[in-house]
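All heavy atoms count here, side chains included; hydrogens, waters and symmetry mates do not.
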Protein chains: 2
Amino acid sequence: MGMFVKEVANLVGISVRTLHHYDDIGLLSPDQTSEAGYRLYSNENLEMLQQILFFKELGFPLKKIKEIITDPTFNKREALELHREMLLDKRKRLDTMIATLNKTIKHTKGEIFMSNKEKFEGFNFNSNPFEEEARKRYGDQAIDESNKKIGRMSPTEQKELGESMNNIYRKLANLRHESPDTKKSQAAIEEWYHLLNKMGSYSLEAFKGLGQLYVDDERFTKNIDQFGEGLSIFMSKAMAFYADSRMKE
Amino acid sequence: MGMFVKEVANLVGISVRTLHHYDDIGLLSPDQTSEAGYRLYSNENLEMLQQILFFKELGFPLKKIKEIITDPTFNKREALELHREMLLDKRKRLDTMIATLNKTIKHTKGEIFMSNKEKFEGFNFNSNPFEEEARKRYGDQAIDESNKKIGRMSPTEQKELGESMNNIYRKLANLRHESPDTKKSQAAIEEWYHLLNKMGSYSLEAFKGLGQLYVDDERFTKNIDQFGEGLSIFMSKAMAFYADSRMKE
DNA sequence: TATTGACTCTTACGTTACGTAAGACTTTAA
DNA sequence: TTAAAGTCTTACGTAACGTAAGAGTCAATA
C-alpha cells in the first residue's frame, strides 16, 4: 500500500523532481519508505499534496505554504473554503483579462479607442495575488494593503486626480465639525470612495482600513490635516461608518 | 512624450526591476532614452508589453516570447486571437479546479466518495500549459502530443487497463479485414476512444493524431501488429474516420 | 540465472525570472 | 541648495525546480 513517486507524479501532473524537492524542504514527506528506501505515498499524503497544489495555484510561495499547513491551528476545511473564494477571484481576473483582450482586438481593428490604463486591466491585480486575500486570515493585518495601493499611483495619475482630490478634501474640511454620519458627510465621503476606486479597486473593507490608516500613520495624518485640523479623524470615522453601513446591504 | 519606468510599472502592475530585466535580455527595449539615459516608453512599447504579458500569463518562458515576437512572420492580430482561445482554455481548467474543490469539500464532510484521480482534476492539465495550444501554430506538430500522453500512464494504471485494452485489440484484430468505416468497426473503435479517455483526455484531434502515430512510429506499429498483421493500419484509418465524422457534428 | 529496461536513490551544478542592495547621477519641489 | 524621489548600472541572492551523473532495485525476459 502506497504509491511510488512516478505514479504520484503521473496522477497529479507534476514531475518526480518536484516531489523530491518537496521532500527535501520538508513540505511533503511520504509516510513510509520501502525496504530499499523508495518513497511510498499514502492517501493522506495525496490529500495534503492536493492542498499544497491549491495554495500553489494561488501563488503562495512554498515556504509560506509550509508555514500554513504545519501551523497547529491549521484547519483543513477552512482552508478549502478560502481556496474556493480565491479561485473565484482568480476567475474574475481572468474574465477581466479576456474582456481586455476582446477590447484590444477591436482596438487593433480601429473600431474603438482604448486608454493605456484599460490596456492592462486584469493584469494589474493588486501586486501579489496571494497577499491580497491571504492577509485576511493568515498573517499581518489588512491595513498596510491600502498603504501600498496609494504608493503605487504614478505621478501623472496623481497630477490628473490631484485637483479632484483637493476639492473633496476642502469639501470634507468644511464638514468636519458635523457628525461623520450625516447625509452630507456621507455623500462627500462617497465621492471620496468613488474617486479612489478610479485609480485602484478598493473593497469596502480596504476602504475602512485606509481610514484607519489616516489616524494611525502620521504621514497621512499630517498630509490630510493640512486642509483643516482634525480632518483625518473625521474622515476616518466617516469612512468606517460608510463602509459598515454599505456592508450590511 | 514617453513614460518613465516607474509610471509604466505602476500602470501595469509590475516592478521596475522587471522592466529593466526585459530590457537587459532584449525582450522589450524602450524606443527612446532621455538625455540622462532614462528609459522612455512609447505607446507602441506599451502595446508590445501588453502582448508580452499575455504570453507570460499563459506560461510562455521569456525566451520563447522573444522568439515569437521578433519573428518576422509574427502577426499581432493572430496572436491576440490565440491568446483569447488559450485564456478561455485556462478558464475551463480553473472551472474544473473549482469543481474539484467543491467535491473535495463534500468529501471531507463525508458526503461523497472521491477517487484519487478525481482529486487532481484541473491540475493535471496535460504537462505544459503552453506547449499544448501553442504547437498548433508555433513550432513542431501536434502529433507527438499524444505520444507524450501515452508515456505518462503509470504502471499501475497500465495494468488496470491492460486487460480491457487487450480485449479491444483482439476485437479489432478480428475486424481488420473489413472496411474501417463499417458500423462494427466504428463501434469497436469508439470503445477504444472511451477507454483512452479514461486515462487522459483525448480530443478528437489528438485521437486522430494518435492513430497517425500508429503507422508513423514503429514502436507502436510493432506493438499493435502483435495482435494481427495490418492491425495498426486498420486502426489508424478507423480512428481517422471516427474523429472526422464526429467533428462534423 | 543473467540480463535488460524501467524505476529509484542521492548529490550537485545549472537555469529562469526576477528581488534586493549599493553607489552614483538627475530631476523636481520647497 | 538642499532634500526627496526617481533613475542608472553592477552584482550578488533566491525560489523552484531542471538536468545530469553514478549507483542501487525490481520485474520481466532471454
Side-chain angles (χ1 to χ4, degrees), chain A residues 2-10 12-30 32-41 52-53 55-57 59-67 127-128 130-131 150-156 158-159 162 219 222-223 226, chain B residues 2-10 12-30 32-41 52-53 55-57 59-67 127-128 130-131 150-159 162 219 223 226:
Chain A
M3 297 171 72
F4 291 126
V5 265
K6 201 178 184 193
E7 292 179 88
V8 178
N10 289 332
V12 312
I14 62 181
S15 73
V16 170
R17 178 67 234 268
T18 298
L19 286 167
H20 282 176
H21 184 58
Y22 291 174
D23 192 0
D24 287 346
I25 64 175
L27 177 60
L28 180 71
S29 299
Q32 296 190 10
T33 55
S34 76
E35 290 259 316
Y38 287 15
R39 293 171 179 79
L40 290 174
Y41 292 85
I52 290 171
L53 292 184
F55 276 112
K56 215 187 113 190
E57 173 72 21
F60 286 74
L62 301 185
K63 207 173 174 182
K64 197 84 189 173
I65 299 179
K66 189 182 170 186
E67 277 178 36
S127 74
N128 276 332
F130 93 94
E131 231 179 315
I150 295 286
R152 267 206 315 284
M153 296 179 199
S154 76
T156 37
Q158 287 186 350
K159 274 177 197 164
R219 286 173 302 174
K222 275 187 185 173
N223 234 319
Q226 288 176 348
Chain B
M3 297 172 71
F4 291 126
V5 264
K6 201 178 185 193
E7 292 180 87
V8 178
N10 289 333
V12 312
I14 62 181
S15 75
V16 169
R17 179 65 234 267
T18 298
L19 287 167
H20 282 177
H21 184 59
Y22 290 174
D23 193 358
D24 287 346
I25 64 176
L27 178 59
L28 180 71
S29 300
Q32 296 191 9
T33 56
S34 76
E35 291 258 316
Y38 287 15
R39 293 170 178 81
L40 290 174
Y41 291 85
I52 290 171
L53 292 184
F55 276 112
K56 214 188 110 190
E57 173 73 21
F60 285 73
L62 300 186
K63 207 173 175 182
K64 195 86 190 172
I65 299 179
K66 190 182 170 187
E67 276 178 38
S127 74
N128 275 334
F130 91 95
E131 231 179 315
I150 296 285
R152 268 208 312 287
M153 297 177 196
S154 77
T156 37
E157 273 184 317
Q158 288 186 352
K159 275 178 199 165
R219 286 173 302 174
N223 234 318
Q226 289 177 348

Protein N or O to nucleotides 23-25 of chain D N or O, pairs below 3.5 Å:
| unit_1 | atom_1 | unit_2 | atom_2 | d |
| --- | --- | --- | --- | --- |
| D:dG24 | N2 | A:Y38 | OH | 2.9 |
| D:dT25 | O4' | A:Y38 | OH | 2.8 |

Heteroatom pairs (N/O) under 3.5 angstrom, protein to nucleotides 9-11 of chain D:
| unit_1 | atom_1 | unit_2 | atom_2 | d |
| --- | --- | --- | --- | --- |
| D:dT9 | OP2 | B:R39 | NH1 | 3.1 |
| D:dT9 | OP2 | B:R39 | NH2 | 2.7 |
| D:dA11 | N6 | B:R17 | NH1 | 3.4 |

Please write out each protein N/O paired with an N/O of nucleotides 14-16 of chain D under 3.5 Å, distance rounded to 0.1 Å.
| unit_1 | atom_1 | unit_2 | atom_2 | d |
| --- | --- | --- | --- | --- |
| D:dA16 | OP1 | A:L62 | N | 2.7 |

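Look at B:S15 and you won't find any side-chain N or O under 4.0 angstrom from OP1 or OP2 of C:dC18.
Under the side chain to side chain contact (heavy atoms under 4.5 Å, CB included) criterion, A:T33 pairs with no residue, sequence neighbours left out. Considering only residues two or more places apart in sequence or on other chains, A:H21 meets the side chain to side chain contact (heavy atoms under 4.5 Å, CB included) condition with A:R17, A:I25, A:L62. The side chain to side chain contact (heavy atoms under 4.5 Å, CB included) search around A:S34 returns A:A36, A:Y38, A:L40, not counting sequence neighbours.
Protein atom CD of B:E7 is 8 Å distant from nucleotide atom P of D:dT7, rounded to whole Å. Rounded to whole Å, the distance from CZ on B:F55 to P on C:dA17 is 14 Å. Here the P atom of nucleotide D:dC17 and the CD1 atom of A:I52 are 11 Å apart, to the nearest Å. Look at CD1 on B:I14: it is 14 Å from C1' on C:dG19, rounded to the nearest Å. Following rounding to the nearest Å, B:F4 (CZ) and D:dG6 (P) show an atom-to-atom distance of 12 Å. The CD-C1' distance, from A:E35 to C:dC7, rounds to 17 Å in whole Å.
Partner of A:V8 under the side-chain contact (heavy atoms from CB on, under 4.5 Å) criterion, out of A:L19, A:T18, A:L28, A:V16: A:L19 alone.
A distance-only check finds a donor-acceptor pair linking the side chain of B:N10 to the backbone of B:K6 [under 3.5 Å].
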